[in-house]
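We name chains A, B, ... by the order of the sequence lines, and we start the count at 1 in each one. Just so it is clear, the structure is predicted and the values come from calculations on it, not from any experiment.
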Amino acid sequence: MARHSKLQKQVLVLYRHFLRAGRDKPGFVPRIRDEFRENAGIKKTDVMHIEYLFRRGQRQLEQLRDVNTKQLGSFSKPADKS
Amino acid sequence: MASVRVASRLLSKRVLPKTKAISTQYPVVDHEFDAVVVGAGGAGLRAAFGLSEAGFNTACVTKLFPTSTNVLSLGNMEEDDWRWHFYDTVKGSDWLGDQDAIHYMTEQAPAAVVELENFGMPFSRTEDGKIYQRAFGGQSLKFGKGGQAHRCCCVADRTGHSLLHTLYGRSLRYDTSYFVEYFALDLLMENGECKGVIALCMEDGSIHRFRAQNTVIATGGYGRTYFSCTSAHTSTGDGNAMVTRAGLPCQDLEFVQFHPTGIYGAGCLITEGCRGEGGILLNSEGERFMERYAPNAKDLASRDVVSRSMTIEIREGRGVGPEKDHVHLQLHHLPPQQLATRLPGISETAMIFAGVDVTKEPIPVLPTVHYNMGGIPTNYKGQVITHAEGKDKVVPGLYACGESACASVHGANRLGANSLLDLVVFGRACALTIAEEHKPGEKLSPLAPSAGEESVANMDKLRFANGSQRTSEIRLNMQKTMQAHAAVFRTGAVLKEGCVKMDAIYQTLDDIKTFDRGIVWNTDLVESLELQNLMLNAVQTINSAEQRKESRGAHAREDFKNRVDEYDYSKPLQGQEKVPYEQHWRKHTMSYVDPKTGKVTLEYRPVIDNSLDEQECAPVPPAIRSY
């Protein structure tokens with residue numbers, strides 16, 4: 001299996017930091033998993049996009065780590081039954 | 001239309017499973033603070049760091065980066081007798097201002113200047129190092145009998161800009177948490193108490209609920225309801241709309257200040273300081289026409305007086321330009337050195353936006369919408385109030401300051417430069433009141449898990465809106481209608497027509513069409529949300545104006561040219577019978593809107609005529625207002 005690129009390693013580190021930070025706050029871990037899984041499909045060569053998401057992720061991580069951030073929930077809209 | 005349901009197990013480790021039955025999911029992050037401030041302009045910043053200084057864990061939610069917000073105007077802070085300033089402000093408000101709040105503000109004024117100076121605000125100085133003070137409209141000495149007062153401290157001609165940078169720099173010393181580029185959607189209200197704010201993070205489209213014991217609204221005015229205004233594109237009355245949707249009233253929205261000197265065409269502001277430095281207004285005959293309308297104060301009469309005079313000149317055919325639809329502001333008779341030192345900003349503004357060299361030619365100007373005297377009703381301590389059964393009642397947990405609030409210090413008309421004073425004094429007042437009534441670290445009252453659901457549902461509806469009218473079209477219709485029907489001079493029939501038109505335009509919001517379906521940086525969505533807010537402000541403004549059958553301050557009716565007070569103050573009071581409250585107009589308008597139908601309901605509230613301390617500062621009884 002090809003080794004991870006530097007950027008891939010950074011993303012994995014970020015993922016780990018996120019999971020650690022979200023451990024004690026309800027609702028975050030499933031969403032973190034979903035978000036990373038969804039974006040895992042981005043092509044390795046699309047560096048601009050990946051770096052943009054990475055920077056955004058760092059800001060979101062800072063916010064998650066903040067003591068005033070408490071929990072994550074969601075509002076959902078059911079699909080039209082028609 | 002699909003309904004929005006909340007995740008039934010918010011506290012479980014799993015978010016609702018992504019089954020085929022869910023079409024859209026909005027993650028909602030919950031934050032807890034002691035206090036949340038909405039808006040990071042002059043008042044918002046002052047309140048935020050005042051709270052942080054007092055030890056409160058504070059969040060500041062703003063849709064713009066703090067120093068990019070729009071703060072115009074000069075700072076009116078005096079060093080001579082504040083009671084003269086008190087008199088000027090009460091007179092300027094045309095006796096609609098609450099004298100206790102005005103007493104509070106003018107008494108604090110010198111302390112406010114000193115405080116700003118200590119924060120590092122670079123006031124302009126005289127040769128001997130004292131703060132330079134210039135003349136400004138409506139400011140007099142000795143209760144109007146001592147001539148023009150020079151009491152406005154300023155920073156060249158960019159005091160507002162400088163104030164903002166000073167406050168922002170100062171605020172960085174404290175640990176306020178800034179949430180920049182978060183658009184506040186609504187207040188979280190439960191049982192008539194405000195428990196926080198729900199906002200949209202524009203960067204990643206997530207929803208955030210900021211739970212706090214104390215919420216301070218400092219969102220500014222709503223100039224953008226008009227076609228021509230001096231305000232930024234972001235001046236959309238978000239705070240007023242949030243309060244309206246919460247079922248609370250807004251006060252005195254019909255009082256919209258038209259600044260006499262906005263550049264013709266561009267709408268950019270030419271500060272009153274120009275006239276303070278000696279600039280004069282001329283008509284097509286080269287006449288200094290203000291001498292006729294205000295023999296004493298001339299060009300430095302109160303803004304509403306000057307705006308009306310300019311409009312009359314234009315209407316009577318003495319306007320300048322090919323369409324004779326504006327007047328000239330002349331500065332080239334002043335020494336160029338004075339222009340360069342005291343008015344550098346407008347020299348540049350005039351060149352960029354009007355192509356005029358102020359040392360040689362006059363600037364084309366027109367009265368332009370500039371400030372909203374009305375807003376969220378508060379008492380002099382900054383607490384938001386409602387009025388029921390003849391008494392003012394505080395709304396727990398909610399405060400307001402700055403242009404979005406109506407304390408009311410400006411009443412029916414604001415004196416030039418009182419705005420910046422209002423920002424710092426009442427921003428600080430909110431922080432002080434909160435510190436008095438609460439302690440940092442207080443336990444938050446419980447909040448329903450589905451709080452804020454309607455706001456997200458509304459946002460979702462706009463995000464996927466597929467009607468037939470674009471946001472920009474509806475907005476332009478509203479702006480043109482307001483400009484044509486609720487301008488400097490207002491008439492009953494024209495106002496009524498405007499109300500009918502505005503009601504129809506309000507209904508077209510149901511037919512809105514947006515194009516961007518994404519959730520990240522969806523400016524189409526944010527502009528549509530802002531349009532909803534603007535509409536709520538506009539319908540209240542025009543309906544209140546139509547109902548108010550008198551002329552007072554900035555609200556000038558051609559069909560009701562006089563003020564209707566409890567007595568006729570143009571005659572001696574001896575022998576006059578007091579007009580009953582229901583029949584006179586010296587009272588505040590309190591307006592409510594049903595957001596679903598756009599229907600406006602109006603109630604009234606008496607003006608507070610007593611000051612905070614009769615010994616220290618005698619209240620000013622009403623009189624005829626002339627300059």
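Listed here is the closest heavy atom pair of Arg209(B) and Phe75(A): NH1-CZ, 3.9 Å.
Among pairs with a residue in residues 193-216 of chain B, those fulfilling ring-ring contact (aromatic ring centres under 6.0 Å, His included) read His31(B)-His208(B), His31(B)-Phe210(B), Phe179(B)-Phe210(B), Tyr182(B)-His208(B), at least two apart in sequence or across chains.
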Query raised in the report: Yes or no on side-chain contact (heavy atoms from CB on, under 4.5 Å) for Leu72(A) and Val28(B), after CA distance, side-chain angles and deciding distance?
Result: CA-CA 6 Å; Leu72(A) 182 80; Val28(B) 181; 5.7 Å; no
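Asp30(B) and Gln71(A) form a side-chain donor-acceptor contact under 3.5 Å, judged by distance and modelled atom types alone.
If you measure heavy-atom distances from Ser177(B) to chain A, the contacts under 4.5 Å come from the side chain alone.
Note that OH of Tyr26(B) and OG of Ser74(A) are 11.5 Å apart. Values are rounded to the nearest 0.5 Å. Distance CD/Gln63(A) to SG/Cys201(B): 7.0 Å, rounded to 0.5 Å. Atom NZ of Lys77(A) sits about 5.0 Å away from atom CZ of Phe464(B), to the nearest 0.5 Å.
Qualifying side-chain hydrogen bond (donor to acceptor under 3.5 Å, both in side chains) partners for Arg245(B), counting only residues two or more places apart in sequence or in other chains: Asp186(B), Asn533(B).
Chain B is approached within less than 4.5 Å, heavy atom to heavy atom, by Tyr52(A), Arg56(A), Arg59(A), Gln60(A) from residues 43-61 of chain A, ordered by number. Proximity to chain A among residues 516-532 of chain B is limited to Val520(B), judged by heavy-atom separations below 4.5 angstrom.
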